[in-house]
> 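What follows is a single structure, and I will ask about it in a moment.
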Amino acid sequence: MNSNDNDTRIIKMIRDAAQTHIVVATLLVTVTFAAGFTLPGSFESDKDSSDKGMAILTKKSAFCAFVVTDAIAFVCSAGAVFSYFVMAMTHRPKVEGLLDIVLTQKELRILRKTYILATILLFLSMSAVVIAFVTGLYATLENSVGLAATVCVIGCLAFLIYVLVFYVLVTA
């Protein structure tokens, strides 16, 4: 197998993975955008209040953590979508034969780096979504300490799963 065949295989693997990643990133952008406007708790509805329309839970630290992590998740997933979009638009392979995909070494390096950056952004977004989920539920369940703690523990299992997946990848 020569270098060109290996490059072609790498390009195809990146493109196949990127197709799945962009769907996940787009879903995360959509969900985090919606969560930003459908905040946990409710809004001040007293027409005489100076805080009318403001979220009631704004003074709770769990709510603040929810808002911040939701914003982080949104920005990271939007960055990943943009990265995959740039990959698709700027690194169109030149098809010389039926199976040959040719990129210069510089284009291949840029493609790989963009893919890695987008993947990292997607992972950060997924992590922030888990934290936003847990903190949003905690903010609304704060009066039920047992249930709120249970939600936090279950949410932390996501990070245990992430560690297990990385362990499997590293030890494979």
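If you read the sequence from its start, that first residue is 1, and numbering goes on from there.
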> Considering only residues two or more places apart or on different chains, which pairs with a residue in residues 58-88 satisfy ring pair (Phe, Tyr, Trp, His ring centres under 6.0 Å)?
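Every pair satisfying ring pair (Phe, Tyr, Trp, His ring centres under 6.0 Å) with a residue in residues 58-88: His21-Tyr84.
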
> Using 0.5 Å steps for rounding, measure from the OG1 atom of Thr119 to the CD1 atom of Ile14.
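Here the interatomic distance stands at 9.0 Å.
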
> Test your reading of the model: is there a side-chain donor-acceptor pair from Thr69 to the backbone of Ala65, 3.5 Å cut-off?
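Confirmed, Thr69 side chain pairs with Ala65 backbone.
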
> Restricting to non-hydrogen atoms, name the atom on Leu121 and the atom on Ala80 that form the minimum distance, rounded to 0.1 Å.
CD1-N, 3.8 Å

> Same cluster or not: are Phe123 and Val163 linked, directly or through other Ile, Leu, Val, Met, Phe, Trp or Tyr residues, by side-chain heavy atoms under 4.5 angstrom apart?
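As far as the 4.5 Å side-chain criterion goes, Val163 and Phe123 are not connected within one cluster.
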
> Rounded to the nearest 0.5 Å, what separates atom CD1 in Ile22 from atom CG in Leu27?
11.0 Å

> What's the shortest heavy-atom distance between Leu141 and Ala148, and which atoms?
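Nearest heavy atoms, Leu141 then Ala148: O-CB, 3.6 Å.
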
> Cluster question for you: counting only ILVMFWY and a side-chain heavy-atom cut-off of under 4.5 Å, with indirect links fine, are Phe166 and Leu122 together?
yes

> As an exercise, state the distance from OG1 of Thr140 to CD of Glu142, rounded to the nearest 0.5 Å.
9.5 Å

> Could you state the interatomic distance from OG (Ser83) to CD1 (Ile120), rounded to the nearest 0.5 Å?
10.5 Å

> When you measure from the side chain of Thr32 to the backbone of Val29, do you find a donor-acceptor pair of N or O atoms at a distance under 3.5 Å?
yes

> What are the two closest non-hydrogen atoms of Ala128 and Ile72, and how far apart are they?
CB-CG2, 4.0 Å

> Give, for atom CZ of Phe33 and atom OG of Ser77, the distance between the pair rounded to the nearest 0.5 Å.
11.5 Å

> Can you see which heavy atom on Tyr115 is nearest to which on Ala18, and at what distance?
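Reported closest heavy-atom pair: CE1-N, 4.3 Å.
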
> Please list all pairs passing the ring pair (Phe, Tyr, Trp, His ring centres under 6.0 Å) test where one or both residues lie in residues 142-161, with sequence neighbours left out.
Phe159-Tyr162

> State the CD1-CG distance between Ile131 and Asp70, to the nearest 0.5 angstrom.
12.0 Å

> Specify the closest pair of heavy atoms between Leu108 and Ile10, including all atoms of both residues, with the distance to one decimal.
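Reported closest heavy-atom pair: CD1-CG2, 4.5 Å.
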
